[in-house]
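The structure appears below as structure tokens.
Any value given below was found using the heavy atoms of this structure, including those in side chains, with hydrogens, waters and symmetry copies removed. To find a chain, count down the sequence lines: A is the first, B the second, and so on, and within it residues start at 1.
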There are 4 protein chains.
Amino acid sequence: MPLQLAPGQRRKPKQLRSRLMVETILEAARQIFAEHGFEAATTNQIAERAGISIGSLYQYFPNKDSLILEIQRMHHDELLALIRSAMDKSGKLPLREAVRSIIGANLDMHLSEARLHGAFEEWIPAQTQLVDRERFQQEMVGLINGFLDSRPELPKGQAAKSAVFVIMNLVKSVMHAAVSDAKAAENREQILDHVVDGILACLQPLPENATPPRPHH
Amino acid sequence: MPLQLAPGQRRKPKQLRSRLMVETILEAARQIFAEHGFEAATTNQIAERAGISIGSLYQYFPNKDSLILEIQRMHHDELLALIRSAMDKSGKLPLREAVRSIIGANLDMHLSEARLHGAFEEWIPAQTQLVDRERFQQEMVGLINGFLDSRPELPKGQAAKSAVFVIMNLVKSVMHAAVSDAKAAENREQILDHVVDGILACLQPLPENATPPRPHH
Amino acid sequence: MPLQLAPGQRRKPKQLRSRLMVETILEAARQIFAEHGFEAATTNQIAERAGISIGSLYQYFPNKDSLILEIQRMHHDELLALIRSAMDKSGKLPLREAVRSIIGANLDMHLSEARLHGAFEEWIPAQTQLVDRERFQQEMVGLINGFLDSRPELPKGQAAKSAVFVIMNLVKSVMHAAVSDAKAAENREQILDHVVDGILACLQPLPENATPPRPHH
Amino acid sequence: MPLQLAPGQRRKPKQLRSRLMVETILEAARQIFAEHGFEAATTNQIAERAGISIGSLYQYFPNKDSLILEIQRMHHDELLALIRSAMDKSGKLPLREAVRSIIGANLDMHLSEARLHGAFEEWIPAQTQLVDRERFQQEMVGLINGFLDSRPELPKGQAAKSAVFVIMNLVKSVMHAAVSDAKAAENREQILDHVVDGILACLQPLPENATPPRPHH
DNA sequence: CATGAATGAGGATTCATTCAT
DNA sequence: GATGAATGAATCCTCATTCAT
């Protein structure tokens, strides 16, 4: 117990401890949710894994929902960061290689987090507006558009809207499938090939004669 | 009291009641699971919704798992039937229209079943081999291949493998997204356009010069 | 449907059917109780084993308790009959052989009914006066006294009271132990020897000097 | 707040509370099992009787079985201690008095515990090896042999084997009978006389001429 | 009388959350 | 702030018993 503290400094250690605690808890929660799913995970398990008492857990998170909400937020951020960095690194590669490395990074992350995504799906928040799927989606679209912009041979803006939409969903789905399918881990390369093929196809301008301008309401 | 009964017909009424009961229960379960997800749904809720006692429910289904298993099976069957029928009906339409109507039917079904799929995802069966994801997937692949075969302009067999993989996942993901996204219902036409574009792109043979033969292990 | 019946005869077939039904049910109940114990046995199991509907069972027995009560009664009767017959048969044998054969018969019966007795113990009747332990005990005492009477060398009446009490309990306990102890079945001969020794010892007049006339309260 | 604490003593209060709670629960369970038998007793009843919540009960005992297992263990220990102490106290008394006081203590304990033994009988543990009937029996045999050793006039070792067997079962049965028979409490003295007579008889060497050496396989 | 579908009270057990220390 | 014992509502499921057919 220090005798004397510089003014304004007193709360620093507390905040540090606080932040550390929060991170420890979240890491424990991430593991437990990943191992058991949302409903099957118990807050006591999480506290135990974090090496703290259940009471302390509730000091930092008001309830079970808040835990998974925060984890999801973090996961989204990590995913965006990962892709951003993969895009940066792939700057000079030929298109197929670039796409392949970006998607590959994405896939690896999902394979390693496996069941955590199951927990995200399982959790149906009472207050829908609390989740940040929206924000995540927006940012992801921005990222993809940025990539398209950086490659002269690819379509941009309005012309690429469909492609972006399809790519996002294709990737999402494959990630999903990879996660729920035990065998996916072994097929990594093949899956990657398929996805990359699909993405490149989407980015190819459709031959004019094949698809007449679609008129619809 | 009928004077004469065809043999084996005597037990019909019982069987009818039985079948009716089973269907009532399944419909109730489908609703409750769709509303609350798997774990959050309670068997008592389901019985109440079905208008029967909890005891009766357990007369027909040995446990909670068996309910969702059966619902999933039914859902898969309905989906396959729906697509088969949409494919049949679309026989003479130009490719884009055909694909659009098939996917459209699929999408509509998912939009109406909304959160039920969340429940499917959530449920992790104790005995994995009991679920029929495998069967479903196989049949779906067969269906898609059949469609490709029926259209001379489309690739077939080995050449289409990637396309089929991507299409399946693309569709699955969009359905998934549609299901979890409230606004999807309003964007039906746009979403459809995007998906159809994506599918058609995948079915286009990749220009040779764009993608050199990928060598990997 | 017979047109004409002799008066008073109408109910005979019914009574016969009735009696048969009752016996079938009791036999089934005996088996089920023996296999699972009282609480763990279910009336539906019993009905099924009896090859009748649960409704029919309740036509003949008002509740689960009444089943075990009746079985216990029957068991007591059979036990008494068995011992009576063993005593009759052993008429001319030397004392030790006689006792041995009587006790042996008793033991065999218990070994074969094994867990049924567990069910008797387990069942705590709501209305104590309903059970017939009292009657059973009285009759058994009578039987033993009869045996003592038939053997000039043995004590009788008041002098044998202690012996009878001890014998009854000794036998009962050994039966009990035999029933709950899996190994008992293999030790049949040894157990028999011990019990017979004990009984003969009790029937020996105590040496006067060893036990002074007990004065108490 | 004590200025100085012996090391390791800090946690005492917690452990005390814990021990107290466990004892409170066990006492409640003992009562409820004694009143209703094993199956009919409910864990909620026990918690209520103990004046705690059902949740607390399960904090200390993982399931219903563990409750009766522990109670049985305690009961066996108490019984052995009681008899040991009764044997010690009876050191200088004449044989009959000594036996009488030992058995008397035993009987009193059983009379007071009444139906609890029914619950023991009723409970058929899933994992047989968990119960300690075996240990109890061994220790009891040891105790009795010790008593025989301490009295020069009594048989020992192999010669007493039958006697010990018979005595144990006799006592057990009488205790059992006493427990299930409401009137037993009133007949205490008579029952005691009978049992003591029986035991002494068993300890009398059988007259040689009465029982020829039994030959059996 | 026979049937067996339907009932629903009741039981063991779990787990998010609180609060006295 | 930290702790973890205590809480008790809520869950899945069973089974004795009834009653319409």
Which one, E/dT13, E/dC1, F/dT17, comes nearest to the side chain of C/Ser18? E/dC1
Taking CZ from A/Phe61 and C1' from E/dA16, how many angstroms apart are they, rounded to a whole number? 16 Å
Find the distance A/Gln45:CD to E/dA16:C1' and express it as a whole number of Å. 13 Å
Which is true for C/Ala41 with a 4.0 Å heavy-atom rule: it touches a base, it touches only sugar-phosphate, or it touches nothing? sugar-phosphate
Between CD1 of A/Ile46 and P of E/dA16 the distance, given in whole Å, is 8 Å
By nearest heavy atom, map B/Met21 and C/Ser56 onto DNA chain E; which one lands nearer the 5' end? C/Ser56
Check whether A/Gln45 reaches the backbone of A/Thr42 with its side chain - one donor and one acceptor, N or O, closer than 3.5 Å. yes
When every non-hydrogen atom of B/Ile25 is compared with those of B/Ser56, the smallest separation belongs to CD1-O, 4.5 Å
Within the structure, does a side-chain N or O atom of A/Tyr58 lie under 4.0 Å from either OP1 or OP2 of F/dT3? no
Against the six-membered ring of D/Phe38, is D/Lys64 placed for a cation-pi contact (under 6.0 Å from the centre, within 45° of the normal)? yes
Counting distance only, does the side-chain N/O of D/Thr24 pair as donor-acceptor with the main-chain N or O of D/Leu20 below 3.5 Å? yes
Between F/dG1 (C1') and A/Leu57 (CG): distance, integer Å: 14 Å
Touch class at under 4.0 angstrom, heavy-atom based, for B/Asn44 against every strand present: base
SB check C/Arg49 C/Glu35 (cutoff 4.0 Å): yes
In whole angstroms, the gap separating P of E/dA12 from CD1 of D/Ile32 amounts to 12 Å
Judged by nearest nucleotide, the residue sitting upstream toward the 5' end of DNA chain F, B/Thr42 or C/Pro62, is B/Thr42
Could you write out DNA chain E as dot-bracket? Rules: Watson-Crick or G-U wobble, both distances under 3.5 Å, brackets [ ] for crossings, | for pairs with another strand, dot for unpaired. .||||||||||||||||||||
Identify, between A/Gly51 and C/Ile54, the residue whose nearest nucleotide on DNA chain F lies closer to the 5' end. A/Gly51
A/Tyr60 OH - F/dG1 C1' separation (whole Å): 7 Å
Measuring to OP1 and OP2 of E/dA2, would you say a side-chain N or O of C/Gln59 lies under 4.0 angstrom away? yes
Scanning both residues in full, the closest heavy-atom pair of A/Leu67 with A/Ala29 reads CD2-CB, 4.3 Å
Reckon A/Thr43 has a side-chain N or O less than 4.0 Å from the OP1 or OP2 of E/dA16? yes
Using whole Å, report how far CD of B/Glu48 lies from C1' of F/dT11. 15 Å
Separation between CZ (C/Phe61) and OG1 (C/Thr43), nearest 0.5 Å, reads 12.5 Å
Nearest-angstrom distance from the residue atom CD1 of B/Ile68 to C1' of F/dC12: 15 Å
